[in-house]
Amino acid sequence: MEYILLGSIILLLFILSKSKSAKKKKRKHREVLSQPEEKIQQKGRIGEKIVQDILSRLGNEYIGFHDIMIQGNNDNTAQIDHIVFSPYGIFVIETKAYNGYIKGYEDAKNWVQFLKKQQRYEFYNPIKQNEQHIKALRTVLNDSASLLPIVSIIVFVGTKNIEVEATKAIVIRESELLTVIRNYVNEKLTMQQTYEMTDMLQKMNIISETMREQHIKDIQKRGEQVEKGICPSCGEALVERTGQYGVFLGCSGYPRCRFKTNLKQEREVARS
């Protein structure tokens, strides 16, 4: 009888220790997935500064712009981390300061960041994000860049490993950036054409702090509307639908309004 009682006590202690360990791991997991917004933005600024320093090592025929804000179609604004003009093409660069291991597909809505102890965090596909930046840039440059290929580059800073299959963009670590840009050696533009486009961009760059703050507020407001189930395009209710890539939120006014999104995407765009 004593042995049975002793065995029961040992078993109970073992179960309790496992339960505490599981709760501790779960708590750590939640902390990783909900890092303070200020910390995320700080890491982003540091990553952008690192990439800016790397781009400064390019020669005089490369003209770089950083933290550019322009107005595209439908009065929507786009904030672009880096743009490099050269006779060899235009390079639009999106910077992500994520550590750990990154996995994604170019047509997926979200990619995944894997951290230690099986922790993971989903973020909006930066290729899709940069596509919108390039679209806005073409609108600003108008006919000057209509036939000119614009190279989309996604740069991860401080990332251990990247597993991404992509043809629409080049996805690399910061150490590969200069080599990738310098691999473009065929001249597409004269220096005069390059200067004309950079002048055009400078004129269209929004430097007003008020307008930049409004840009951030607009993104946040859009996210808040989606959170409340309101379509930010027309004001109708959002409804849950299932498509080829899973569940998403679509406007109840379809097909008149074709807005669709998901909450994870809206939150990531707000961070970017």
Side-chain angles (χ1 to χ4, degrees), residues 44-97 106 125-157 162 164 166-209 211-212 215-216 269 272:
R45 287 192 293 269
I46 292 171
E48 290 169 19
K49 183 63 170 65
I50 289 171
V51 171
Q52 182 175 340
D53 289 343
I54 291 171
L55 293 174
S56 68
R57 301 174 205 163
L58 291 167
N60 294 332
E61 58 207 327
Y62 297 89
I63 304 169
F65 292 87
H66 313 284
D67 190 22
I68 291 293
M69 181 178 286
I70 52 179
Q71 198 162 29
N73 289 324
N74 302 322
D75 293 330
N76 292 326
T77 50
Q79 195 161 7
I80 306 174
D81 292 341
H82 315 277
I83 307 173
V84 176
F85 289 87
S86 77
Y88 316 107
I90 301 172
F91 305 89
V92 177
I93 303 165
E94 173 65 23
T95 300
K96 294 295 180 187
E106 66 180 355
N125 183 342
I127 293 179
K128 291 182 178 292
Q129 185 180 354
N130 220 28
E131 284 175 351
Q132 297 304 312
H133 295 166
I134 291 172
K135 188 183 294 185
L137 182 61
R138 286 194 185 279
T139 300
V140 167
L141 297 179
N142 207 350
D143 296 335
S144 304
S146 59
L147 301 176
L148 187 68
I150 298 178
V151 182
S152 176
I153 302 178
I154 313 300
V155 180
F156 282 91
V157 178
I162 304 169
V164 175
T167 57
K168 299 175 183 177
I170 300 169
V171 184
I172 55 174
R173 288 188 289 269
E174 75 273 18
S175 59
E176 305 168 273
L177 182 56
L178 290 181
T179 301
V180 166
I181 293 177
R182 286 170 176 163
N183 278 340
Y184 287 82
V185 295
N186 295 326
E187 292 193 7
K188 307 289 185 182
L189 299 165
T190 64
M191 280 308 299
Q192 181 60 35
Q193 289 173 315
T194 304
Y195 290 139
E196 287 173 0
M197 280 195 282
T198 57
D199 287 344
M200 198 179 304
L201 181 65
Q202 282 180 317
K203 291 175 183 177
M204 299 301 291
N205 181 27
I206 298 171
I207 58 175
S208 165
E209 287 299 324
M211 292 190 69
R212 284 178 172 255
H215 168 76
I216 296 171
V269 169
S272 304

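All residue numbers in this chain count up from 1 along the given sequence.
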Any chance you could measure [X], atom [atom1], to [Y], atom [atom2], to the nearest 0.5 Å?
X      : Y      : atom1 : atom2 : value
Lys128 : His133 : NZ    : NE2   : 14.0 Å
Ile134 : Gln129 : CD1   : CD    : 11.5 Å
Asn125 : Glu94  : CG    : CD    : 10.5 Å
Leu141 : Glu196 : CG    : CD    : 11.5 Å
Thr198 : Asn205 : OG1   : CG    : 12.0 Å
Leu58  : Phe91  : CG    : CZ    : 8.5 Å

Less than 4.5 Å apart, any side-chain heavy atom of [X] and any of [Y]?
X      : Y      : value
Pro126 : Ile154 : yes
Phe156 : Val171 : yes
Leu55  : Leu177 : yes
Leu137 : Val92  : yes
Leu201 : Asp199 : no
Glu106 : Thr167 : yes
Tyr62  : Ile181 : yes
Thr139 : Gln71  : no

Query raised in the report: Any side-chain donor paired with an acceptor under 3.5 Å for Ser152 and Glu131?
Result: no
Report task. State whether a side-chain donor-acceptor pair under 3.5 Å links Gln79 with Asp67. Result -> yes
**Report entry** Over 12 non-hydrogen atoms of neighbours within 6.0 angstrom of NZ in Lys168
**Finding:** yes
Query - Note: Asp53-Lys49 ion pair, threshold 4.0 Å (strictly below) - result: yes
Looking at every heavy atom in both [X] and [Y], which two are closest together, and how far apart are they?
X      : Y      : value
Met197 : Leu148 : CE-CD2, 4.0 Å
Val155 : Arg173 : CG1-C, 4.1 Å
Val157 : Gly47  : CG2-O, 3.9 Å

Pair up each side-chain donor or acceptor in residues 80-90 with any protein partner under 3.5 Å, not counting sequence neighbours, and list the distances.
residue: Asp81; atom: OD2; partner: Thr95; partner atom: N; Å: 2.9
residue: His82; atom: ND1; partner: His66; partner atom: ND1; Å: 2.9
residue: His82; atom: NE2; partner: Thr95; partner atom: OG1; Å: 3.2
residue: Ser86; atom: OG; partner: Tyr88; partner atom: N; Å: 3.1
residue: Ser86; atom: OG; partner: Gly89; partner atom: N; Å: 3.4
residue: Ser86; atom: OG; partner: Gly89; partner atom: O; Å: 3.1
residue: Tyr88; atom: OH; partner: Glu61; partner atom: OE1; Å: 2.9

